[in-house]
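Below, chains carry the letters A, B, ... as their sequence lines are ordered, and counting in each starts from 1. Atom set for the values below is all heavy atoms of this structure, side chains included, hydrogens, waters and symmetry mates excluded.
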2 protein chains.
Amino acid sequence: MARKTVGIRDVAAAAGVSVTTVSHILNDTPHARASDETRKKVRDAAAALGYGPNRMAQGLRTQRSAMIGLLSEDIATTPHAGMIIKGAEETARKHDYTLVIINTDKDADTRSKRRDVDALLERQVDGILYATMYHRAVSLPPRLFEVPAVLIDSTDRTGLVPCTIPDERGGARTAVTALLDAGHHRIGFVTNTDDVPATHGRLQGYRDAVQGAGITFDPGLVAAQESEAAGGYAAAKELLSREDRPTALFCYNDRMAMGAYRAAGELGLGIPEQLSVVGFDNQTLIAEGLFPGLTTVALPHYEMGAWAVQTLIRLIEGHDEEKLLADEATILSCPLIRRDSVAPPHASTPAGADAALTD
Amino acid sequence: MARKTVGIRDVAAAAGVSVTTVSHILNDTPHARASDETRKKVRDAAAALGYGPNRMAQGLRTQRSAMIGLLSEDIATTPHAGMIIKGAEETARKHDYTLVIINTDKDADTRSKRRDVDALLERQVDGILYATMYHRAVSLPPRLFEVPAVLIDSTDRTGLVPCTIPDERGGARTAVTALLDAGHHRIGFVTNTDDVPATHGRLQGYRDAVQGAGITFDPGLVAAQESEAAGGYAAAKELLSREDRPTALFCYNDRMAMGAYRAAGELGLGIPEQLSVVGFDNQTLIAEGLFPGLTTVALPHYEMGAWAVQTLIRLIEGHDEEKLLADEATILSCPLIRRDSVAPPHASTPAGADAALTD
DNA sequence: CTGAAAGCGCTAACAA
DNA sequence: TTGTTAGCGCTTTCAG
């Protein structure tokens, strides 16, 4: 447990040169010339001693900590957060930054959020990432602006900070299009009752796709309930009990889709033979656990984390003097993850399947 | 974006005292005496200027960064990891430490793990937490020992590092006991085929409970399959197709329980009327999404994160000179989360329920 | 009770 | 091409 205490001066002594030379060589300082021989000598000495720079000292001197603070709301409640962290961490690491994490409460008061930002600022982080647990508009703690910042999964009311959000609308369009392509015409939408951008965006996407296929939007085909399995069950039951029941269901999220599976089961509707289902969120626990596997749309959490760090670093390092970046939220696309819950309508006979495909 | 540059000297100037005094007062340095008047003056000045200490400078001087490094395997793959992070972060924060996170690959080679540790060491972290994504024995990167360390969810082959693991066996015992208490005698165990401590521990717990109730352990009541929903389905189907089918199923994890639900459904067995089920892991996405809600056992991820940080801090601050702590893994208990999947056997009639309870 | 000054490990003028 | 040295912001002896 002997604390590593080999410093630049030890390396210098071992290599028989000055600390300056060591610093120059180890940092590849531009314009600093050193003979190849010296370079090797220094590098070898450093390696032999197991030297690693003291980043605090470096930071103190250079006024750059190479740390990025991630302020994340309720890190634990969703598996999604993990992906954001992963995307952010891997990208940060690639650029030799380190991620420090602070968990903040979604419902924390302004004072406590302020303290969270202060804690990060005291650590001299070079920039701050602010991640919310689902897509929405937020107002930011004031001191956040003392340092470059980027928002993840939310938009900034003031429009000053770059942000990235998922393409809810496009994702929904993709999902419904997959159903359309399989030959479905009557597609129900099991949606939710929350007033959040995802709700509106996904409905829009549903309409886009359906109307794009020349089908008139039928409000009777959308049923809204709470965004849980129970809500999905209720909504699906409602939709599927209609006389002219839809042959496919697009569900607001995988949890609701889980409820829809149960409804289908009770009604004796086989998936995907008599009913196709597509979800949203790609919660693998659900999507892979359901039988048959649920075709769904993935949220780009990893990508958002990665994009945010990249953008933040650009801001920090000032490559882009023009910080026009904040103008518009950067929308990242939501790809379809195909599993086994989509088939042509009336797929009970193999022949029917072919027919529908060439419809 | 003007970087905060108010330092201790600014505060000193504003308060009309020396930097020493400011430092003493702001840090509540023991034995440092200052008049109440001076104290107030300094505090007010600091607040007015919005002063916050530069932790890097502090760290450089004191040789303590007040940062804890968390090396976590595959942070994203499981919602559990989020809970560990949350427990660790909240506890760290309470003690005025900050968490820095590095994601490492479960299957990364030794060199890359070594680099991960080095990165943390360069940051001068005061201690390192090493979290694996599921309970198992690991061998640790060598330089980890340069600093106090604690393991989460795994045990150390060398026995040098304190570690915390879930009480798999006790958790299983709790689960099965709940079934026993409801009046079940024939309890099937849907288990898995992985050779990990959780598999063995949960089986042991199952046996403990069953035999504790005076029932002979019947190997015919345990069916092992891969630990996925599909495996759970297969195993449950097998168990439930027997003539003297079990009236209750204890499942290795919630995913397998999800499969068991499907098997029960296909067999026309209502849960919990004709079949009680309890899972393990408390994956809320599944446990709450299933109908009826799945009674299951929770893994103490939050608690492990919290315990680990507490222990690490004690090590760092040397309150316990004796570091006997590593002798045994600290086993944290797994509480039962009751939902709606357990009822007395043959609970179809209300009367039967009462009878069974007083069995 | 308060202040002056040394120095943590490093980088970057500047000097040689 | 390499070396000397000031200082980043702070804590902490040691003197007043």
To the nearest Å, how far apart are A:His24 NE2 and D:dG3 P? 11 Å
Proximity to the side chain of A:Ser23 - top-ranked nucleotide from C:dT11, C:dG3, C:dC8: C:dT11
Picking from D:dG3, C:dC8, C:dG9, which would you name as closest to the side chain of B:Arg61? C:dC8
Specify the separation, in whole Å, of atom CZ of A:Arg123 and atom C1' of D:dG9. 15 Å
Please report the distance, rounded to the nearest Å, between CE in A:Met56 and P in D:dC8. 17 Å
Is the phosphate of C:dA12 approached by A:Thr29 (side-chain N or O, under 4.0 Å from OP1 or OP2)? no
When you measure from the side chain of A:Ser65 to the backbone of A:Gly59, do you find a donor-acceptor pair of N or O atoms at a distance under 3.5 Å? no
Phosphate-side-chain proximity, A:Thr62 and C:dT11, N/O vs OP1/OP2 below 4.0 Å: no
Under 4.0 Å: is that the gap between some side-chain N or O of A:Asn54 and OP1 or OP2 of C:dC8? no
Closer than 4.0 Å, any side-chain N/O of A:Gln58 to the OP1 or OP2 of C:dT11? yes
If the cut-off is 4.0 Å, is B:Ser18 near the phosphate of C:dG3, judged by side-chain N/O to OP1 or OP2? yes
Main-chain N/O of A:Gly7 paired to A:Asp10 side chain as donor or acceptor, under 3.5 Å: yes
Could a donor-acceptor pair under 3.5 angstrom be found where the side chain of B:Thr20 meets the base of D:dT11? no
With salt bridge (charged side-chain N to carboxylate O under 4.0 Å, His left out) as the test, would you mind laying out the steps for B:Asp28 and B:Arg43 before giving the verdict? CA-CA 11 Å; B:Asp28 287 318; B:Arg43 294 228 153 82; 3.3 Å; yes
Under 4.0 Å between a side-chain N/O of A:Gln124 and OP1 or OP2 of D:dG9, yes or no? no
Return the 5'-most residue of the pair B:Gly16, B:Ala57 with respect to DNA chain C, ranking by each residue's nearest nucleotide. B:Gly16
Stepwise salt bridge (charged side-chain N to carboxylate O under 4.0 Å, His left out) check, A:Lys106 with A:Glu73: CA-CA 5 Å; A:Lys106 169 167 157 12; A:Glu73 272 183 5; 5.8 Å; no
Rounded to the Å, how far apart are A:Asp28 CG and C:dA12 C1'? 16 Å
Is the side chain of B:Thr132 donor-acceptor paired with the backbone N or O of B:Asp153 at a distance under 3.5 Å, no angle test? yes
Atom pair distance, as rounded to whole Å: CD1 in B:Ile8 and C1' in C:dC8: 15 Å
Euclidean distance, atom CG of residue A:Asp126 to atom P of D:dC8 [Å, nearest integer]: 19 Å
From C:dA5, D:dT4, D:dC10, pick the nucleotide closest to the side chain of B:Val19? C:dA5
B:Leu60 has an atom CG; how far is it from atom P of D:dC8, in whole Å? 13 Å
Value in whole Å for how far the P atom of D:dG9 lies from CG of A:Leu121: 15 Å
The side chain of A:Thr21 lies closest to which of these nucleotides: D:dG9, D:dG3, C:dA5? D:dG3
